[in-house]
Every structure is written in structure tokens, then in C-alpha cells.
Amino acid sequence: MSSKKPGRNDPCPCGSGLKYKVCHAAEDRAKAVPPPAPAHPLAADLKTAMEILGDPDTTRLSGCLVRLGALLGEWGPAPGLRFDAKAFADHVGPELARLSDKEGQDATSARRELLVGTVRALGTPAFMEQLGTALLGRASVPGLPAGDRQVLSVGVLFASASKKLGRSRPEDNPLLDVVFDVQFREWSAKHAELVKKYEALAGGFAEETLPPEAREALQQARGGDVDALLRYVQSDPGIAERIAREARERAARVEARMREPSSPPVFAPEEELWLTCVLWEPMQALKSLPQDAEPATRREAVTTLMRAVKGALDEDFLSGLLGRLREKAKDASADEATRAAFMDTAIAFEAEPARMTLAALLTSRQEAVGRSAEEMVMLADLKALTTWTPETFEPYRELLTTMGLPAAAARIQRCQEWLREHPVTLRPETA
């Protein structure tokens with residue numbers, strides 16, 4: 001047979017005597033069609049993500065965004081998952097200083113103004129494309145749980161939405177809200193840790209006894225220019241070493257007090273329940289390791305637990321915890337030693353929140369105490385259950401609402417959102 005393609009009315013090369021168009025033409029055309037492209041490995045997850053975005057009930061979407069923030073926190077400032085670090089710092093530092101000078105502005109509106117200005121400046125189409133690519137790459141990592149793949153797929157769809165919607169405003173894209181919150185917490189932790197440690201160090205002696213350069217750097221940091229303090233501390237190795245030593249000694253004191261049977265619990269009941277929900281799986285994974293487990297395996301389990309602790313300590317959790325500790329440190333009805341202990345604890349938790357939280361969970365001898373007899377009974381009932389689900393937490397959330405504790409009720413709602421994807425089995429069912 002000739003390799004040259006015959007014309008439609010030419011004799012078919014097969015020798016049948018029929019014209020090509022009525023003999024083998026259709027068969028040859030079918031063979032020439034390329035095979036269908038293989039389905040994208042995330043096709044099912046992206047389809048589920050589309051369903052989540054289209055669901056009028058935004059509960060699942062809210063849960064996805066919370067989990068996405070936790071994942072970004074666990075992974076840290078990896079390439080593509082954050083705004084440019086220098087551009088972020090250069091924008092946020094001066095903006096915070098400006099907002100702090102505005103009179104009569106509440107924290108919510110200040111936070112919104114900071115968010116809007118930041119994402120408008122940094123949430124460019126180029127950044128969104130880079131972020132979407134990075135999230136898609138993370139979602140394609142083998143072994144990732146299906147729920148996390150769907151969460152990342154939701155992020156990918158939000159990243160591509162600005163290109164499809166054209167003139168959409170960056171502040172209306174919830175993905176940028178998540179990125180801003182995570183990066184702002186990291187930026188704040190880095191700078192607040194330095195400022196608070198230095199202020200704690202300076203608290204041991206009169207500020208007027210500090211060198212002029214130290215006093216000036218401290219004042220600039222309080223005014224929003226934290227880099228001035230950072231440069232000063234880095235220029236004096238002795239100061240940096242003393243800050244580190246003071247922090248170690250304080251942490252050791254606080255941990256020792258938490259181990260004492262008479263020490264009051266650090267966490268409120270809703271905080272303790274939240275930490276139990278989020279840390280249950282990695283904590284059990286660490287406890288279940290055999291005694292002869294390889295060091296690398298044990299290190300990986302500890303690392304996973306620490307990542308989970310950091311992810312659990314969102315901004316609201318830390319601000320509530322630290323605010324309560326500072327209030328107790330000012331309680332005039334308490335003796336001086338008790339007030340000093342609470343202030344010590346507040347400073348230690350602010351400096352190293354993840355480490356101190358884990359220490360409190362592992363070493364404290366007392367559990368969180370309810371604020372009323374009814375709450376104490378309900379907490380006991382919860383802890384007696386074998387499995388925690390969103391439904392089992394609903395009566396407690398309603399109780400906190402009726403007690404006039406909206407922040408505590410909101411934390412329990414966060415627990416419920418977590419439990420929808422990660423139900424907790426406290427102990428096996430008994431026969």
C-alpha cells in the first residue's frame with residue numbers, strides 16, 4: 001500500500017476496488033484522532049471545591065479557610081505562600097504607627113483598614129498567580145489527606161478568581177485575608193517577642209539608667225519602628241545574650257510553678273477544649289510510639305505536634321489568654337507573689353507561646369475550672385464521653401452564650417468546625 005494519503009474518490013489502497021471515501025476513509029480518520037488527555041490528578045478535588053464555593057451554606061467554606069490558614073502556618077513562609085517579606089514589613093510597620101495615632105478607632109476597623117491597604121498594595125495579579133501555583137503544587141504532594149487537598153483546591157480557585165472576574169477588589173478575596181492574617185501573626189510574633197523580652201529586661205531597672213541609645217531604640221519600637229530596636233540589640237551581643245538568658249530563666253520558673261499541685265490552671269475551659277480537639281491526633285501519635293522507635297521517627301512525631309500547637313494558637317486565642325493573665329497580674333486582691341507569678345507567666349507565654357502551651361498541657365496538675373456550677377457539670381459530662389462531635393458541643397456553646405461569654409462561645413464554635421472534619425475519640429466504646 002502506498003504511504004501517500006489517497007483522495008476521497010481514489011481507489012482504496014486496500015485493493016477492494018471501492019472508492020477510498022466509502023471504504024477505509026472513516027477508519028483512518030478515527031485512528032488519526034489523538035487519545036483523550038488524562039484527567040488532572042486533582043480533578044475530583046477541584047470539582048468538590050467548586051461545590052463548596054457554590055454552596056449557599058458557607059459553613060464548609062469557613063472551615064476550609066480556617067484549615068487553610070492552619071496549613072499555611074504549619075508550612076511557614078515557604079516560597080510563593082506569603083507576600084514579599086520586605087514589602088510586607090515596609091508597608092505594615094508605618095501603617096501600624098499611623099493607625100495607632102488615630103483617635104477613636106476601634107480594633108476591628110483598624111484591622112480592616114490595615115488589611116485592605118496591605119492586600120491592595122501587595123495582592124497583585126502576579127502574586128495571585130504565584131500563590132495559586134504554590135497551592136496547586138502543595139495539593140499535588142502524594143499522601144496528603146483528601147480533606148486538605150480539597151482545602152488547597154478551594155485556595156487555588158480563589159487565586160484564579162481575580163483573573164476570571166477582572167476588576168474584583170483584592171480585599172474581597174478571602175484567600176488574601178487568610179494570607180494576610182497568617183503573615184501578620186508571624187510578623188507580629190517576631191517583633192513582639194523582641195519588644196516584650198527587651199521591656200521585661202528593662203523592667204528590672206529604671207529606664208533612665210539605660211544607655212541613651214537603648215532608651216531611644218525602645219521608644220522607637222513602642223512607636224512602631226521595631227527595626228530600630230532590632231538593630232540596637234543585634235549591635236550589642238551582651239544585650240542579646242542577657243535577653244536570651246532572662247527568657248530561659250523565666251520559662252523554667254513558670255514551668256516549675258505549673259507542675260506544683262496548688263498552681264491554678266493557665267487555660268480557660270474553652271481554650272483547653274480547643275487545644276484537646278486540635279492536638280488530640282498528633283498527641284496520640286506521639287504517645288503510641290514504641291519505646292524502641294527510631295530517633296528520626298520520634299523527632300518527626302514531636303515536630304508534627306509542635307506544628308499543630310503553633311497552628312492552634314491563633315491571634316484571638318493568644319490575645320484572650322495573655323489579656324486574662326495580665327488582668328490577674330493586676331488583681332489588687334491577690335498578694336504580690338501571686339501577681340508577680342501571673343506576670344511572669346504572661347511574659348513567658350508571649351515570648352514562646354508554642355513551647356509554654358505544650359508545657360502547660362503536659363505538666364499542669366489542674367484542669368480548667370468552670371465559671372458556674374452548671375458549666376462545671378457540663379464540662380464533666382463532655383469529658384465523660386467517648387467521642388466528641390459538633391453535636392455534643394452544642395449544649396455547652398449555648399450555655400456560654402446565655403452566660404454572656406460570646407468569645408468563649410465563639411471558641412467552642414471553632415471546636416465544632418474542627419470536629420466536623422476531625423471527630424475525636426477519647427476512648428474506645430465499652431461493651
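This chain uses plain numbering: 1 for the first residue, then up along the sequence. Model, not experiment: these values are computed from the prediction.
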Heavy-atom distance under 4.5 Å between the side chains of [X] and [Y], does that happen here?
X: R257; Y: D344; result: yes
X: L321; Y: V266; result: yes
X: E186; Y: R82; result: yes
X: V278; Y: L275; result: no
X: V178; Y: F158; result: no
X: E374; Y: L399; result: yes

Original post:
Could you go step by step and tell me if L136 and T133 meet the side-chain contact (heavy atoms from CB on, under 4.5 Å) rule?
Top reply: CA-CA 5 Å; L136 192 62; T133 301; 5.7 Å; no
What distance do [X] atom [atom1] and [Y] atom [atom2] have between them, rounded to the nearest 0.5 Å?
X: L144; Y: Q150; atom1: CG; atom2: CD; result: 10.5 Å
X: M50; Y: S153; atom1: CE; atom2: OG; result: 11.5 Å
X: M128; Y: T124; atom1: CE; atom2: OG1; result: 9.0 Å
X: L325; Y: K328; atom1: CG; atom2: NZ; result: 7.0 Å
X: F393; Y: W274; atom1: CZ; atom2: CH2; result: 11.0 Å

Subject >> Flag, side chain of W388 to backbone of Q416, donor-acceptor distance under 3.5 Å >> reply: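 Checked: no pair found.
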What I want to find out is whether [X] reaches [Y] closely enough, with some N-O distance under 4.0 Å, to be called a salt bridge.
X: D331; Y: R339; result: no
X: E367; Y: K383; result: yes
X: D148; Y: R138; result: no
X: R250; Y: E352; result: no
X: R326; Y: E350; result: yes
X: E74; Y: R67; result: yes

Original post:
Could you walk me through whether R414 and E270 pass the side-chain contact (heavy atoms from CB on, under 4.5 Å) check?
Top reply: CA-CA 10 Å; R414 293 282 300 277; E270 66 277 2; over 6 Å; no
Subject >> Working for side chain to side chain donor-acceptor pair (under 3.5 Å), residues D316 and S319 >> reply: CA-CA 5 Å; D316 290 340; S319 63; 4.6 Å; no
Original post:
Which of these, L400, D314, L273, L405, sits in a side-chain contact (heavy atoms from CB on, under 4.5 Å) with R411?
Top reply: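 Only one option passes, and that is D314.
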Original post:
Hey, what's the ring geometry for F267 with F349, parallel, tilted or perpendicular (30° and 60° as the breaks)?
Top reply: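 Geometry flag for F349 against F267: perpendicular rings.
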**OP:** Tell me, with the steps shown, if R397 and E394 meet side-chain contact (heavy atoms from CB on, under 4.5 Å).
**Re:** CA-CA 5 Å; R397 188 194 66 78; E394 183 58 20; 2.7 Å; yes
**OP:** Determine, step by step, whether E391 and T389 satisfy the side chain to side chain donor-acceptor pair (under 3.5 Å) criterion, reporting the C-alpha distance in whole Å, the side-chain angles of both residues, the deciding distance to 0.1 Å, and the verdict.
**Re:** CA-CA 5 Å; E391 292 72 27; T389 65; 3.3 Å; yes
Subject >> salt bridge (charged side-chain N to carboxylate O under 4.0 Å, His left out) assessment of R185 paired with D181 >> reply: CA-CA 6 Å; R185 284 200 301 269; D181 275 345; 5.1 Å; no
Original post:
Taking it one step at a time, do L81 and L131 satisfy side-chain contact (heavy atoms from CB on, under 4.5 Å)?
Top reply: CA-CA 6 Å; L81 297 179; L131 178 60; 4.2 Å; yes
**OP:** Could you tell me whether E281 atom CD has more than 12 heavy atoms of other residues or ligands within 6.0 Å of it?
**Re:**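 Open: at most 12 neighbouring heavy atoms sit under 6.0 Å from CD of E281.
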